[in-house]
Amino acid sequence: MPTIIYIEHNGTKHEIDVRSGNSVMEGAIKHNIPGIDADCGGACACATCHVYVDPEWFEKTGGPSVMEESMLDFAQDVEPTSRLSCQIRVSDDLDGLIVRLPENQH
Ligand code: FES
């Protein structure tokens with residue numbers, strides 16, 4: 001199972017095995033990682049699952065879709081590697097993916 005590394009804003013690191021096909025958001029919610037709210041349950045309609053993809057990984061995850069990009073407008077402190085984690089599908093290719101969590105989800 002691919003391992004996803006979630007780093008909280010305070011630096012706390014969580015290495016979590018996430019089943020392929022699940023989203024990066026689902027992996028966090030199932031393991032009670034603080035810092036991802038996911039109010040809409042993964043429908044790309046809330047922007048409270050905002051994460052920063054590690055720049056080294058951004059080519060592999062790819063950038064946001066047009067719909068995701070318009071939702072990201074509602075997130076705070078958006079950066080060039082910002083993504084909505086419900087829209088990143090876990091696969092073997094993403095084994096070792098590092099995402100950083102923002103200070104707040106709004
Ligand atoms: Fe709502 Fe990702 S969980 S946009």
Side-chain angles (χ1 to χ4, degrees):
M1 230 188 282
T3 301
I4 307 295
I5 299 162
Y6 301 85
I7 303 176
E8 289 180 54
H9 193 258
N10 67 9
T12 307
K13 193 169 164 185
H14 306 264
E15 295 193 20
I16 305 290
D17 293 335
V18 181
R19 195 175 295 278
S20 286
N22 278 7
S23 69
V24 169
M25 174 280 275
E26 287 168 320
I29 296 293
K30 280 186 186 151
H31 293 88
N32 297 318
I33 310 268
I36 292 186
D37 294 347
D39 290 340
C40 78
C44 196
C46 73
T48 63
C49 63
H50 175 208
V51 298
Y52 304 113
V53 173
D54 184 275
E56 306 251 314
W57 282 93
F58 195 63
E59 204 172 308
K60 281 224 165 124
T61 62
S65 66
V66 175
M67 181 163 112
E68 184 182 337
E69 194 142 13
S70 57
M71 277 318 298
L72 270 170
D73 288 345
F74 295 97
Q76 269 192 346
D77 303 325
V78 171
E79 291 182 6
T81 66
S82 286
R83 290 288 315 268
L84 295 178
S85 57
C86 69
Q87 302 300 304
I88 306 174
R89 200 56 53 196
V90 173
S91 66
D92 287 341
D93 273 3
L94 294 184
D95 185 30
L97 171 69
I98 300 168
V99 295
R100 292 185 171 75
L101 310 182
E103 191 169 9
N104 296 301
Q105 295 283 0
H106 287 285

Search all heavy atoms of G63 against all heavy atoms of F58 and return the closest pair with its distance.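 Where G63 meets F58 most closely, the heavy atoms are CA-CZ, 3.7 Å.
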Applying a strict under-4.5 Å side-chain criterion to I, L, V, M, F, W and Y, I'd like to know whether [X] and [Y] cluster together.
{"X": "L84", "Y": "M67", "value": "no"}
{"X": "L94", "Y": "I5", "value": "yes"}
{"X": "V53", "Y": "I16", "value": "yes"}
{"X": "I88", "Y": "I4", "value": "yes"}
{"X": "L72", "Y": "V24", "value": "no"}

Not counting sequence neighbours, list each pair that qualifies as a side-chain hydrogen bond (donor to acceptor under 3.5 Å, both in side chains) and has a residue in residues 7-18.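 Every pair satisfying side-chain hydrogen bond (donor to acceptor under 3.5 Å, both in side chains) with a residue in residues 7-18: T3-D17, E8-H14, N10-T12.
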Quick one: which residue pairs count as a side-chain hydrogen bond (donor to acceptor under 3.5 Å, both in side chains) with a foot in residues 50-63, not counting sequence neighbours?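 Output for this query lists H50-S82, D54-R100.
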Check residues 36-48 and write down every donor-acceptor pair under 3.5 Å in which the side-chain atom is one partner and the other belongs to a residue at least two apart or another chain.
| residue | atom | partner | partner atom | Å |
| --- | --- | --- | --- | --- |
| T48 | OG1 | A38 | N | 3.1 |
| T48 | OG1 | D39 | N | 2.9 |

State which residues pass side-chain hydrogen bond (donor to acceptor under 3.5 Å, both in side chains) with Q87; sequence neighbours excluded, sorted by chain then number.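 Listed in chain order: nothing, the list is empty.
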Okay, side chain of S85, backbone of C49: is any donor-acceptor separation there less than 3.5 Å?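 Confirmed, S85 side chain pairs with C49 backbone.
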Within the side chain of R83, is there an N or O that forms a donor-acceptor pair under 3.5 Å with the backbone of G62?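 Yes; judged by distance alone, with no hydrogens or angles, the pair exists.
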Expected list for residues 25-35: side-chain donor-acceptor pairs under 3.5 angstrom, two or more places apart:
| residue | atom | partner | partner atom | Å |
| --- | --- | --- | --- | --- |
| E26 | OE1 | S23 | N | 2.7 |
| E26 | OE1 | S23 | OG | 3.4 |
| H31 | ND1 | G27 | O | 2.9 |

Return the CG to OH distance between L97 and Y6, rounded to the nearest 0.5 Å.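 With rounding to 0.5 Å, CG (L97) is 8.0 Å from OH (Y6).
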How would you list, by chain and number, every residue that makes a side chain to side chain contact (heavy atoms under 4.5 Å, CB included) with S70, sequence neighbours excluded?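 Scan of S70 (side chain to side chain contact (heavy atoms under 4.5 Å, CB included), adjacent residues dropped) gives none.
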Does CZ belonging to R89 count more than 12 external heavy atoms closer than 6.0 Å?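 Yes, because the 6.0 Å sphere around CZ of R89 holds more than 12 heavy atoms from other groups.
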